[in-house]
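Letters A, B, ... mirror the listed sequences (proteins, then strands); counts begin at 1.
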Amino acid sequence: MRKTALDCVYKLSKIDERVVFVGSDLGPGVLDKMKTEFPQRFFMEGVSEQYIVGMAAGLAMEGFIPYVNTIATFLTRRCYEQVAVDLCIHDLPVRLIANGGGGVYAPLGPTHLAIEDIAIMRALPNMAVVAPCDADEMNRLMMSTLEWPHPIYIRLGKGGDKIVSEEKNGFELGKSILMRSGTDGMFVTTGVMTQLALETADLLKHDGVNVGVVHMHTIKPFDAAGVILAIENVKAVVTVEEHIVNGGLGSALLETCSDLRPELLPKIARLGIPDKFATEYGSQNSLLKHWGITSDTLVGAMMKKLGG
Amino acid sequence: MPMDDRSKLLRRYVIDAMRGGGRGHLGSSMSMIEILRVLYDSVLKYDPKNPESADRDRFVLSKGHGCLALYAILADKGFFPISELESFCRPTSRLGGHPERGKVPGVEASTGALGHGLPIAVGLALAMRLQKRNSRVFVLTGDGEINEGSNWEAGMAASKHKLSNLTVMVDYNKLQSYGKTSEVLDLEPLVDKFKSFGFVTHEVDGHDVAALEAILKKLPFSGGAPSAIICHTIKGKGFPFAEGNPEWHHKSGMTETDIQQMYDCL
């Protein structure tokens, strides 16, 4: 997913000279092609995220579209005021490409685990928050970013993900995608959790339970109409996110229903990372298991809501 | 050094605004009046009737709390009517307690949170280079403000990119909100700091109009490095009760008597 995102920056830089790339201190060879072909628009600026976000804002004020890339925790926690003031108050078209959403950096511990990034980014006016479900969708998202006139936070999942998105569904920022319809229940998902939800829906189908999946690649702006349409006629709804349960996708859905359709609230359950920092290392999958985000727990949460 | 009529006029505009809003950062604004006066009278390229013209020089007021001085000079130059100064901080005014881009003609960046101006200015200077424009970028920071590490991150980058189109001016009035900069977080040796970060650096009396004009005429100090000017100033300059007095960093709830006391100094 990360490789696809950066390949897209290169593709975009070839078709639009407003595109610039700003990295902090990324691995050797990152975007070498762009650096070779457009050295003036390639910046590797060092471990200095506060400066980098401000500098990207300055470039955007003059008509450039900066794509900024580093580890998610450093793009969110470290320079939150720069993101809020320089990007969001000025409402500038800077794209933050955030490596390692959720448990991707499991072995590296809680300093590197972006577990609350969605919550803090969606708290900012003007900011869009997007978490694609696989590399193909990342490609569609990235190629659609040139015309969005506001800042975007792009959350990357792990690499080498299974491809579950479909070309025919297209990609429109702020628009949900009904990946699979269901009559009994609905998983509301974002990022790579959409993959897990689709697998789980298959398992449930074997047991005669018809559960759908609505994929919210964009958590902000939140597609209230789309998601309400997907959940209003099912009996149970479970939100699934690789993010703490407070402030992310589940919260967004509860807020939306509270404002627009409060009668839907009782059938919604949330599944995500508990409200605490990680205490284990291991792998992304072992952390997900530790956090209780697995097919089994998805089945359990859905069946409980269905009263089964 | 006694103030001439123009320096007094600009200070009166600041008081007009403070009277309207009943508040303001007096000390922080008065230390930079001459710096802004010289920049806008003799140095910057701009058109008040077309404040977004592409070939203008960019001036970023990083110490946004000093915006009263900026509003005074922008009004004086015709970016907006002088009569508007009295609306300072009123609910529907364009002129808030910190300046906002897109609201106030001539304001390049919304500042107020400290340590944002220089990073943005580096981006602007890089943009000028990429677009092959001759426009220059100036940024004015406070002294307390450069406690923020973001300035030094940006300073390293300005030097790395050899941004000779970028000039940093420091309003070095030696007082921050709590007290003396030397006691809160000492900046010395400040000139050496900027030099070691790759800036060609000069010092000047920030209230001496002729000296400011002379030093600014020499820009860029180098064809291959950013420039820095440490402007030695007096917080609250022009108002004996406020000069060097941190109590006047910011004042609210001002009375007519307070305001009259200020006019009487000019």
Side-chain angles (χ1 to χ4, degrees), chain A residues 13 16-25 34 38-68 70 74-75 78-95 124-126 149-151, chain B residues 52-60 62 64 96 98-103 107-133 135 137-139 141 147-163 165-166 197:
Chain A
S13 71
D16 194 321
E17 60 183 21
R18 296 174 300 168
V19 171
V20 298
F21 176 76
V22 188
S24 57
D25 183 26
M34 182 178 176
F38 311 109
Q40 303 290 326
R41 289 191 276 140
F42 175 92
F43 297 96
M44 192 62 69
E45 294 298 288
V47 190
S48 54
E49 291 82 6
Q50 299 179 79
Y51 150 67
I52 282 172
V53 172
M55 169 258 206
L59 284 162
M61 285 173 179
E62 298 298 332
F64 290 97
I65 306 177
Y67 288 75
V68 179
T70 189
F74 310 153
L75 267 181
R78 183 59 174 229
C79 48
Y80 193 60
E81 189 183 78
Q82 278 74 16
V83 173
V85 174
D86 301 350
L87 305 189
C88 292
I89 289 182
H90 289 99
D91 198 8
L92 294 166
V94 173
R95 285 75 180 93
L124 295 171
N126 296 329
H150 315 287
Chain B
E52 291 175 28
S53 70
D55 64 350
R56 72 191 186 280
D57 289 332
R58 273 70 169 167
F59 171 73
V60 175
S62 192
H98 294 101
E100 290 190 65
R101 174 187 170 93
K103 261 191 186 174
V107 168
E108 296 285 354
S110 300
T111 53
L114 298 175
H116 290 248
L118 186 51
I120 289 173
V122 170
L124 295 175
L126 286 166
M128 297 304 109
R129 177 184 285 174
L130 281 167
Q131 293 169 342
K132 299 185 169 48
R133 295 185 196 284
S135 302
V137 180
F138 293 78
V139 57
T141 75
N147 293 172
E148 293 282 7
S150 53
N151 294 292
W152 303 101
E153 292 180 5
M156 281 192 278
S159 172
K160 163 190 156 177
H161 290 295
K162 300 181 169 50
L163 293 176
N165 58 349
L166 175 69
F197 274 72

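Among A/Gln40, A/Arg41, A/Glu81, the residue making the largest number of heavy-atom pairs under 4.5 Å with chain B is A/Glu81. Comparing B/His116, B/Arg133, B/Glu148, B/Arg101 by heavy-atom pairs within less than 4.5 Å of chain A, the highest count is held by B/His116.
The ring of A/Tyr67 has its center no closer than 6.0 angstrom to the ring center of A/Phe21.
Proximity to chain A (any heavy atom under 4.5 Å) is shown, for B/Ala54, by neither the backbone nor the side chain. If you measure heavy-atom distances from B/Met128 to chain A, the contacts under 4.5 Å come from the side chain alone. Within the 4.5 angstrom heavy-atom criterion, only backbone atoms of A/Glu49 (N, CA, C, O) approach chain B.
Contact check for A/Phe43 versus B/Leu126: side-chain heavy atoms found under the 4.5 Å cut-off.
Of the candidates A/Thr70, A/Ile52, A/Val68, A/Ile52 is the only one forming a side chain to side chain contact (heavy atoms under 4.5 Å, CB included) with A/Glu45.
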When you look at B/Arg58 and A/Glu62, which way does the salt bridge (Lys or Arg N to Asp or Glu O under 4.0 Å) test go after all the steps?
CA-CA 11 Å; B/Arg58 273 70 169 167; A/Glu62 298 298 332; 2.7 Å; yes
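Residues B/Ser62 and B/Val139 come closest through the heavy atom pair CB-CG2, 3.9 Å.
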